[in-house]
Number of protein chains: 2
Amino acid sequence: MSLRHALLGLLSEDPASGYDLLKLFENSLANVWPATQSQLYGELGRLADAGLITVRSEGARGRKEYAVTDAGREELRHWLLDVPPVPIRRYDMLLRVFFFGQISADDAIAYLREQQQAAAAEGERLAELGKMIAPHQDNFTVYGRLALEWGLRSSRLHQEWAEWAIGEVKAHDPAANTDPCEPG
Amino acid sequence: MSLRHALLGLLSEDPASGYDLLKLFENSLANVWPATQSQLYGELGRLADAGLITVRSEGARGRKEYAVTDAGREELRHWLLDVPPVPIRRYDMLLRVFFFGQISADDAIAYLREQQQAAAAEGERLAELGKMIAPHQDNFTVYGRLALEWGLRSSRLHQEWAEWAIGEVKAHDPAANTDPCEPG
DNA sequence: CTTCGACATGTCACTACTGGAATGTCAGAG
DNA sequence: CTCTGACATTCCAGTAGTGACATGTCGAAG
């Protein structure tokens, strides 16, 4: 139920509509907790039903501006301080590695190279994102940078690991010949 | 739908029953793709319906030993070679970081320290796991070690990042006093 | 005045995953 | 002979997440 708290957290900084929140999400929270539009609106409804947020005003085009209530703020604090975060470890990418025995060493290496490149691209994307966001502004941005740094380090880890893993696969099957520098 | 392929992959090495697979999962795939018992049995049924696996024999206590079919092996290869892995990025732990503005710097630092310790513990667990599994044996074990190394590096990343983040939080709020070495 | 794009919300069917309960078998220890 | 624990499967209700579709408003450009 983290989306619930993500919304509560965003609304704690500033009141906003579902549409606003969707936009805010895009280059911040979506990087650590993606959500679709339908999920977001649904959760806002449930949050309002539970009294954790309220419709502070209704604007043009059916716009509903939500604001967090005292109960909501309390719930957010409780989540931040008392609820241990659940480590989510589902790595499609690593799952495949277990089954490298089913494909050739060359195919395995090609796979790892693709992963390395994907990680590099992700690193670039995050670096770009870092340049885009203003120097500091609000709390949200300041602390978001901590998460961004995590992403940058993670991207580096992926690249280095892939490099290492390619070496391992080659060591395990010396016949593999994807390196153009070493002719047979 | 990765569980489907995880099962196909396991059965590609050796035929097994649902119960066997559940055990196999525990200290291997569960680290990169957890699954509950109900999910596993359900998926086996669907896999059999789809003709990707078959019941090769029925033993005592209703035991059904499944084996992968040619279609199943083909599906596994296809998944490994042609389907790009979906990066899953849902980090409850990082989500909370965005909302550090809602709690005190001391609380934020305490949170980061807990994360650091959790990562250290996870590292230990994986190191233990590495000692437990036999030197090499089958393909599955050999390549599983690549995933294990990823876990070890990831654990180190978490620890180092947490250390760094604590420094950042302190720099942002110099009043924070959780470091016993620097008296006020 | 029309059309287009941004604003804005809601709903639906589907899949994946969680957690728990129910049911039963078989081998070995006492 | 009985009990326990490992073996073994099935079902179910509930939640979270996905992707697509439906609906409608408003301002500005042409």
Side-chain angles (χ1 to χ4, degrees), chain A residues 1-8 10-11 15-26 29-50 53-67 79 83 85-92 95, chain B residues 1-8 10-11 15-26 29-50 53-66 79 83-92 95:
Chain A
M1 284 215 307
S2 290
L3 175 58
R4 199 182 184 88
H5 299 102
L7 292 176
L8 236 27
L10 282 176
L11 289 172
S17 68
Y19 192 84
D20 294 339
L21 291 167
L22 207 54
K23 289 303 173 72
L24 267 175
F25 242 75
E26 257 167 39
L29 299 189
N31 289 293
V32 298
W33 203 273
T36 57
Q37 174 255 39
S38 50
Q39 219 192 328
L40 196 149
Y41 279 108
E43 200 60 53
L44 281 175
R46 262 167 277 145
L47 237 17
D49 287 347
I53 61 176
T54 41
V55 179
R56 113 189 309 209
S57 71
E58 302 207 21
R61 283 173 272 200
R63 174 193 167 93
K64 294 184 201 163
E65 196 172 65
Y66 290 99
W79 176 72
V83 184
V86 216
I88 300 198
R89 26 172 202 229
R90 275 213 163 87
Y91 305 102
D92 197 351
L95 182 57
Chain B
M1 282 212 308
S2 289
L3 176 59
R4 199 183 184 87
H5 299 102
L7 293 176
L8 237 28
L10 283 176
L11 289 173
S17 69
Y19 192 83
D20 294 340
L21 291 167
L22 206 55
K23 288 304 173 72
L24 267 175
F25 242 74
E26 257 167 38
L29 299 189
N31 289 293
V32 299
W33 202 273
T36 58
Q37 173 253 42
S38 51
Q39 219 193 328
L40 195 148
Y41 278 106
E43 200 60 53
L44 281 175
R46 260 167 278 143
L47 236 19
D49 287 348
I53 61 177
T54 42
V55 179
R56 116 192 303 215
S57 70
E58 303 208 19
R61 284 174 270 199
R63 174 192 166 94
K64 293 185 202 164
E65 195 173 65
Y66 291 99
W79 176 72
V83 183
V86 217
I88 299 197
R89 26 173 202 230
R90 276 212 161 88
Y91 306 103
D92 196 352
L95 181 56

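Residue numbering restarts at 1 for every chain, and letters A, B, ... go by the order of the sequence lines.
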Taking protein heavy atoms under 4.0 Å as touching, what does nucleotides 15-23 of chain D look like 5' to 3' if B marks base contact, S marks sugar-phosphate-only contact and - marks none?
-> -SSBBB---
Whole-Å distance separating the [atom1] atom of [X] from the [atom2] atom of [N]:
{"X": "B:Glu58", "N": "D:dT9", "atom1": "CD", "atom2": "P", "answer": "10 Å"}
{"X": "B:Asp20", "N": "D:dT9", "atom1": "CG", "atom2": "C1'", "answer": "13 Å"}
{"X": "A:Arg89", "N": "C:dT18", "atom1": "CZ", "atom2": "P", "answer": "11 Å"}
{"X": "B:Leu7", "N": "D:dT9", "atom1": "CG", "atom2": "P", "answer": "12 Å"}
{"X": "A:Tyr41", "N": "C:dC12", "atom1": "OH", "atom2": "P", "answer": "17 Å"}
{"X": "A:Arg61", "N": "C:dC7", "atom1": "CZ", "atom2": "C1'", "answer": "4 Å"}
{"X": "B:Leu21", "N": "D:dT10", "atom1": "CG", "atom2": "P", "answer": "13 Å"}
{"X": "B:Tyr66", "N": "D:dA8", "atom1": "OH", "atom2": "P", "answer": "13 Å"}

For the residue pair [X] and [Y], establish whether any side-chain heavy-atom pair is separated by less than 4.5 Å.
{"X": "B:Leu8", "Y": "B:Ile53", "result": "yes"}
{"X": "B:Leu11", "Y": "B:Leu47", "result": "no"}
{"X": "B:Trp79", "Y": "B:Ser2", "result": "yes"}
{"X": "B:Leu21", "Y": "B:Tyr41", "result": "no"}
{"X": "A:Leu10", "Y": "A:Tyr66", "result": "no"}

Does [N] have OP1 or OP2 under 4.0 Å away from a side-chain N or O of [X]?
{"X": "A:Lys64", "N": "C:dC7", "value": "no"}
{"X": "A:Lys23", "N": "C:dC7", "value": "yes"}
{"X": "B:Arg63", "N": "D:dA8", "value": "yes"}

Is a salt bridge present between A:Glu26 and A:Lys23, judged by a nitrogen-to-oxygen distance below 4.0 Å?
-> no
Could I get the full list of side chain to side chain donor-acceptor pair (under 3.5 Å) partners for B:Ser17, not counting sequence neighbours?
-> B:Asp20, B:Arg63
